[in-house]
Amino acid sequence: MTLKDLTDGGKGAMAEALAVLESAPDAPQTIGLLDAAYSAPRGRVIGITGPPGVGKSTLLGAVIPRLREVGQSVGVIAVDPSSRQTGGALLGDRLRLMTDPEDNGVFVRSMAARDRLGGLAELTVGGMLLMRAVYDTVLIETVGVGQSETDVAWVADTVVFCVQPGSGDSLQFMKSGIMEIPDIAVVTKADSETAQRTQADLRSAMSHQRRRDGWTVPILPVSAQKGTGVAPLIAALDRHGDWLDEAGRLEARRLTNAKLWFREALSTRFGREGVKRAEMLGCRMNLDRGDAPYERLADLAAAIVD
């Protein structure tokens with residue numbers, strides 16, 4: 001399958017490409033397709049993260065129709081907990097998100113987290129690249145695992161962190177490490193006085209964190225079930241997208257994310273000893289602008305195995 005086949009083939013082509021990605025991730029054709037997609041980004045990528053039960057899926061269910069109303073095509077990756085018996089996703093995409101199966105502008109895929117502790121599935125990066133080359137917006141919902149939920153920053157252009165009212169524990173772990181990740185903070189189920197107090201707690205927590213990039217993180221109340229606050233959230237996503245488009249910020253962020261992912265992929269695949277061996281062989285271990293990341297991984301794999 002070529003990138004043109006993927007972009008012209010609709011839902012069927014995307015489903016086929018993701019199936020091949022899962023069954024034959026190291027096949028030359030797969031590597032070529034992933035690198036072609038990496039070099040031809042079409043859409044923006046939004047990560048939706050937060051602890052379990054906060055209402056991420058409900059929020060997505062409210063956001064998707066708004067994006068479709070303005071003509072945007074949408075790809076969704078919903079990362080689920082894994083079944084211990086099969087290794088597959090415990091929750092299916094049809095149970096998580098109610099979308100119109102006849103709408104060719106929306107594609108939803110569930111992925112199993114398996115042994116990943118960062119809130120993402122191992123294949124999420126590849127799936128994101130394929131969807132980013134096809135759809136106007138790619139939404140990635142993480143599994144929700146607390147302090148380890150940081151990998152989403154490697155794949156998303158904009159990270160939305162969700163907190164539910166009265167979630168003191170969530171605010172504590174945000175203070176302890178995840179607070180620097182969100183570009184937008186959302187208080188879900190925000191139709192109570194408790195929600196107002198949670199917003200105040202969030203502002204207090206964020207006052208201790210200064211963004212080096214100069215972006216001010218908005219804190220928004222949203223009640224997805226009632227539909228309130230969704231429009232301001234969409235507007236905030238657009239503002240952050242516009243801000244990223246200025247001064248080359250989006251390209252710089254994506255290159256930084258790609259470098260972080262590449263280094264992690266090396267460690268995951270080959271371990272510390274494998275990486276050390278590659279360095280001793282004089283292999284270039286970093287990812288530079290213009291590199292084809294999957295081809296480089298394959299070349300390094302060949303060098304380490306030899």
Side-chain angles (χ1 to χ4, degrees), residues 43-51 54-67 69-70 72 74 119 136-142 144 149-150 152-168 170-247 249-250 252-254 256-257:
R44 59 177 177 174
V45 182
I46 299 169
I48 311 293
T49 187
V54 74
K56 299 186 292 293
S57 295
T58 305
L59 182 63
L60 281 182
V63 167
I64 292 171
R66 299 296 183 98
L67 296 176
E69 285 173 5
V70 295
Q72 289 196 30
V74 182
D136 297 316
T137 299
V138 179
L139 300 169
I140 300 176
E141 179 196 348
T142 68
E149 186 123 29
T150 56
V152 68
W154 298 0
V155 299
D157 304 323
T158 301
V159 176
V160 178
F161 190 88
C162 300
V163 174
Q164 60 185 331
S167 54
S170 298
L171 295 178
Q172 287 302 316
F173 83 70
M174 286 181 70
K175 292 177 183 177
S176 66
I178 202 172
M179 186 61 89
E180 72 276 10
I181 293 173
D183 301 298
I184 299 171
V186 168
V187 178
T188 60
K189 310 170 187 177
D191 47 11
S192 65
E193 293 183 5
T194 307
Q196 296 178 4
R197 291 195 295 270
T198 300
Q199 289 180 65
D201 289 341
L202 269 175
R203 291 191 183 92
S204 176
M206 288 188 171
S207 68
H208 300 292
Q209 298 283 340
R210 292 187 178 181
R211 294 274 297 238
R212 295 179 182 179
D213 56 15
W215 171 257
T216 300
V217 178
I219 301 171
L220 305 174
V222 177
S223 178
Q225 288 187 333
K226 294 184 177 180
T228 57
V230 179
L233 172 59
I234 298 293
L237 291 169
D238 290 340
R239 285 197 305 274
H240 189 251
D242 292 341
W243 180 82
L244 285 174
D245 287 336
E246 298 172 0
R249 293 188 184 105
L250 179 59
R253 180 165 184 158
R254 286 179 171 174
T256 298
N257 289 352

Spacing of T158 atom OG1 and L139 atom CG [to the nearest 0.5 Å]: 10.5 Å
I need the minimum non-hydrogen distance between A190 and A195, along with the two atoms involved. CA-CB, 3.6 Å
Write down the atom of A62, the atom of P65, and the distance for their closest heavy-atom approach. O-CD, 3.5 Å
I need the full list of side-chain hydrogen bond (donor to acceptor under 3.5 Å, both in side chains) pairs touching residues 218-238, with sequence neighbours left out, sorted by first then second residue. R44-D238, D191-K226
Any V63 side-chain heavy atom under 4.5 Å of V74 side chain: no
L220 versus L233, closest heavy-atom pair with distance: CD1-CA, 3.7 Å
For A153 versus V159, what's the shortest heavy-atom pair and its separation? CA-CG2, 4.1 Å
For R197 and T194, which I'm curious about, is there any donor-acceptor pair between the side chains at under 3.5 Å? yes
Test side chain to side chain contact (heavy atoms under 4.5 Å, CB included) on W243 and D213; report intermediate values, then the result. CA-CA 11 Å; W243 180 82; D213 56 15; 3.6 Å; yes
Find the distance between OG1 (T137) and CD (Q72) and round it off to the nearest 0.5 Å. 3.5 Å
Under 4.5 Å between any side-chain heavy atoms of V222 and T188, yes or no? no
Taking C-beta and beyond as the side chain, do I48 and V186 meet within less than 4.5 Å on heavy atoms? no
One pair to check against side chain to side chain contact (heavy atoms under 4.5 Å, CB included): L237 and V160. What are the steps and the verdict? CA-CA 9 Å; L237 291 169; V160 178; 3.8 Å; yes
Do the side chain of R253 and the main chain of D157 share a donor and acceptor less than 3.5 angstrom apart? yes
Over all heavy atoms of both residues, which pair between A156 and G47 is shortest? Give the atoms and the distance, please. CB-N, 3.5 Å
Do the side chain of K56 and the main chain of G50 share a donor and acceptor less than 3.5 angstrom apart? yes
Please walk me through it: do L59 and V54 pass side chain to side chain contact (heavy atoms under 4.5 Å, CB included)? CA-CA 9 Å; L59 182 63; V54 74; over 6 Å; no
Is there a donor-acceptor pair under 3.5 Å between the side chain of W215 and the backbone N or O of H240? no
Distance (rounded to the nearest 0.5 Å) between L244 CG and R254 CZ: 8.5 Å
